[in-house]
Amino acid sequence: MSENSHDGDSGTGSTSATDPVSDPDEDPHAWIAPLISSVTTVPMGLAALLYGALSPMECDSCNGEVAERFHESWMTGWTVLWVGLLIALAVLIASWAVPHQLRHAARRFVLALAAPATVVVTFVAFMALVDWP
């Protein structure tokens, strides 16, 4: 046996399992911001959707013009709520889809922060658009 036969490079083109080849630009913590964003965005979005869906019960006892005004404003608010939550979902998916490289860390972090912020802004817009009795 030669002296170099145990160095792990036998010329076959394969690398040793103990010496993984990694990109120096690879971000090992790239999953943390999207995970925290997912853990906050999804429950917040579901809670906003549930509140929006149950809010017509607020005007069960309303009659006439008040009920009509509430229903029209609720329909507009409900549409805004759905569109905003779909945008938040798209932003959340985008935060996961950003390449896991250090040069994209800021972009990933901003998208991860934008997803729950979009849910909050959407819910506030829903509450403002509905003409509550």
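Hydrogens, waters and symmetry mates are skipped; everything else that's a heavy atom, side chains included, is used. This one's a predicted model, so the numbers in the text were calculated from it and none came from an experiment.
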Q. Cluster question for you: counting only ILVMFWY and a side-chain heavy-atom cut-off of under 4.5 Å, with indirect links fine, are Leu49 and Met44 together?
A. yes
Donor-acceptor contacts under 3.5 Å from residues 81-94 side chains, at least two apart:
none

Q. What closest approach, in Å, do Ala30 and Pro34 show between heavy atoms, and which atom pair accounts for it?
A. O-CD, 3.2 Å
Q. SG of Cys59 to NE2 of His71: how many Å apart, nearest 0.5 Å?
A. 10.5 Å
Q.
Quick one, Leu111 and Arg107 - any side-chain contact, counting heavy atoms below 4.5 Å?
A. yes
For residues 51-58, which side-chain N or O atoms pair as donor and acceptor with protein atoms under 3.5 Å away, sequence neighbours left out?
residue	atom	partner	partner atom	Å
Ser55	OG	Gly52	O	2.8
Ser55	OG	Trp74	NE1	2.9

Q: Answer yes or no: is there a donor N or O on one side and an acceptor on the other, between the side chain of Ser95 and the main chain of Ala112, under 3.5 Å?
A: no
**Q.** Side-chain ion pair, Asp27 and Arg103, N-O less than 4.0 Å
**A.** no
Which pairs would a plain distance check flag for residues 115-133, meaning a side-chain donor or acceptor within less than 3.5 Å of a matching protein atom at least two apart in sequence or in another chain?
residue	atom	partner	partner atom	Å
Thr118	OG1	Ala114	O	2.6
Thr122	OG1	Thr118	O	2.7
Asp131	OD2	Arg69	NE	2.4
Trp132	NE1	Met127	O	3.1
Trp132	NE1	Val130	O	3.4

Q | Joint cluster assignment, Ile36 & Trp31, ILVMFWY side-chain distance < 4.5 Å | A | yes
Q) So how far is it from Arg108 CZ to Ile32 CD1, rounded to the nearest 0.5 Å? A) 10.0 Å
